[in-house]
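In what follows, a single structure is set out as structure tokens and then discussed.
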Amino acid sequence: MASTVRVRFAPSPTGALHIGGARTALFNWLFARHHGGRFLLRIEDTDAERSSPELTDQILRSLRWLGLKWDEDIVFQSGRRSDHARLCETLLETGAGYRCFCPPDVLSEKRRIQESATGGYRYDRTCLKLDEADIQKRLQQEIPFAVRFRVPEGETAFEDLVHGRIVFRHTELDDFVLLRSDGSPVYQVAVVSDDHDMGITHVIRGDDHLSNTPKQILLYRAMGWDIPRFAHVPMIWGPDRKRLSKRHGAVSVEAYREAGYLPETLVNFLALLGWSPGDDREILSFPEIVRSFSIPGISKNPAVFDEKKLEWMNGQYVRSLPLPELLDRVLPFLRNAGLVQEDDPGFSEEFLLRFVVMLRERVRRLTDFAETGAYFFRDPESFDETAVEKFRRNLRTGALMEALLQNLSRTEDWTDETLEAVVRESAATLDVRAGDLIHPLRLVLTGQTASPGLFELMAVLGQETVLRRLKRTLALWTPNHP
RNA sequence: GGCGCGUUCGUCUAGUGGCCCAGGACGCUGGCCUCUCACGCCGGAAACACGGGUUCGACUCCCGUACGCGCUACCA
């Protein structure tokens with residue numbers, strides 16, 4: 001390969017890494033990996049007001065969690081201020097830029113008038129008409145000035161890797177500001193300067209930047225720099241077809257981690273949001289995605305984020321994880337729910353493994369293990385009301401449970417085969433269907449009407465626990481029990 | 001308002017002029033399995049925004065309309 005691919009992800013640490021940013025990062029990462037190139041990270045922290053080191057750390061944590069490792073040192077945009085300023089100076093020297101002494105309030109007034117008249121606004125180039133003497137005079141008076149870019153006539157066209165050829169007539173652009181009157185360079189300047197210095201070959205970013213691109217290309221040209229290739233990927237929308245934002249609830253990668261999603265799931269799902277391998281595959285491993293990834297596979301239209309499918313996919317990954325690995329991932333959620341102790345789980349490895357095996361078929365998120373399986377760790381405190389009512393109406397339930405208690409306390413071989421035999425024989429003796437014992441027993445042991453197979457569950461819980469739970473719930477079946 | 005981008009089942013998408021009376025997945029739904037719930041399996045409903053061209057033939061190409069989104073700052 002002639003030149004090495006270099007791409008970057010450039011988040012602004014003004015918030016956590018969200019789904020949209022993660023997808024952009026992922027696409028850049030995949031592109032770099034696929035082509036054996038480099039994936040760089042740049043933190044756009046020039047807005048000191050809204051940026052924070054804590055948020056930067058959080059973004060890095062999320063990227064690492066997703067498995068998106070970056071190459072080389074992180075570039076902090078705030079540290080490149082002088083480079084950005086130098087770009088403005090150069091442009092001023094070459095005549096590509098010019099000083100604008102117009103006071104901001106005059107400008108905003110002009111805009112107000114022009115916008116109400118024509119609906120659009122472009123800087124009227126008042127200061128471009130200034131001659132050298134005018135400029136010197138103003139400089140001596142120390143009138144603050146901004147530096148504007150002098151947009152040439154004509155048009156800018158470029159071949160977007162996702163959208164194809166795109167043309168902007170320069171009459172649509174106005175002489176945008178490069179350097180604010182306080183001396184701070186504007187975003188477009190920072191991006192171009194940084195991307196150039198970082199040797200970026202492909203800019204892969206959200207298509208909300210499409211309209212910024214001609215301005216940036218103009219800057220590259222004015223500096224005589226090589227222009228990178230651009231790939232503008234479509235946005236991710238919430239269910240209301242609006243750009244995904246906090247309004248849609250949990251959108252940060254961090255929030256999905258806490259909600260019990262696996263990083264593998266998120267990567268797979270995000271990869272498929274706006275990109276397709278071209279065939280019918282849905283579950284793809286990291287290496288498979290890297291191998292298949294290509295820009296022509298990126299779609300042009302925005303994608304609605306569908307959490308239902310994410311959940312389904314997470315279930316697939318939960319089920320495919322090797323058991324010990326799955327247990328490791330579940331453990332923190334059990335601790336969080338207070339079901340196991342921080343240092344000592346208080347339960348054997350074997351018990352925990354069986355817990356995970358029995359539940360993994362019926363969960364989608366890691367949090368579900370704690371939510372639907374708490375009875376593995378402690379006696380249920382509440383019981384499904386409608387189920388209790390239902391079984392209580394059958395006046396024999398109390399007697400049935402008592403009989404079962406007797407039979408189970410005499411059971412010596414506490415294995416699921418034996419337990420099943422005991423329960424079924426009890427039913428036969430009592431002249432009821434097996435279900436008449438099974439369902440109330442399930443309720444008694446779990447507090448719920450749904451659980452893993454009852455006999456297996458009894459075997460895992462152990463005789464002592466089963467008998468205890470059976471005993472302490474006997475009163476439940478008394479008709480007028482509170 | 002102007003400019004830019006987009007428009008295939010509810011959602012993510014396959015489709016690059018005939019293989020498409022449109023395929024897959026999630027969701028929904030009927031059934032099977034079954035001690036419940038899941039998992040799994042089998043089946044079903046469900047889409048080419050609209051109107052003009054081009055062509056022997058258009059989901060695919062061109063034009064227009066409608067709708068949606070983005071940009072339009074001395075924000076990033």
(request) Just compare B:G4, B:G23, B:U72 and give me whichever is closest to any side-chain atom of A:Lys215. (result)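 Nearest to the side-chain atoms of A:Lys215, counting from C-beta on, is B:U72.
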(request) Could you work out which one of B:A73, B:G70, B:C35 sits closest to the side chain of A:Arg111? (result)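 Shortest atom-to-atom distance from the side chain points to B:A73.
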Rounded [atom1] spacing from [N] to [M] in Å:
N     : M     : atom1 : answer
B:A25 : B:C9  : C1'   : 12 Å
B:A47 : B:C37 : P     : 32 Å
B:G51 : B:G43 : P     : 35 Å

Cation-pi check for [Y] against [X]: NZ or CZ below 6.0 Å from the six-membered ring centre and within 45 degrees of the axis, yes or no?
X        : Y        : result
A:Arg148 : A:Tyr98  : no
A:Arg111 : A:Tyr121 : yes
A:Arg23  : A:Phe27  : yes

(request) Return the set of residues passing ring-ring contact (aromatic ring centres under 6.0 Å, His included) with A:Phe9 (not counting sequence neighbours), or none when no residue passes. (result)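 Expected list: none.
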(request) May I ask you to evaluate whether A:Arg122 reaches the phosphate of B:G2, defined as a side-chain N or O under 4.0 Å from OP1 or OP2? (result)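 So the side-chain polar atoms of A:Arg122 never come under 4.0 Å of the phosphate oxygens OP1 or OP2 of B:G2.
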(message) Is the ring pair A:Phe305/A:Tyr256 parallel, tilted or perpendicular, if the boundaries are 30 and 60 degrees?
(response)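 Perpendicular.
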(message) Ring-plane angle category for A:Phe158 and A:Phe230, please: parallel below 30°, perpendicular beyond 60°, tilted otherwise.
(response)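 Answer is perpendicular, since the angle exceeds 60°.
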Base of [N], side chain of [X] - is there a donor-acceptor contact under 3.5 Å?
X        : N     : answer
A:Glu282 : B:G24 : yes
A:Arg362 : B:C39 : no
A:Ser181 : B:C74 : yes

(request) Please work out if A:Asn212 contacts a base, only the sugar-phosphate, or nothing of the nucleic acid, heavy-atom cut-off 4.0 Å. (result)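 Counting heavy atoms under 4.0 Å across all strands, the contact made by A:Asn212 includes a base.
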(message) Please list, in numerical order, the residues of residues 228-242 of chain A that have a heavy atom closer than 4.0 Å to any atom of RNA chain B.
(response)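 By residue number: A:Trp237, A:Arg241, A:Lys242.
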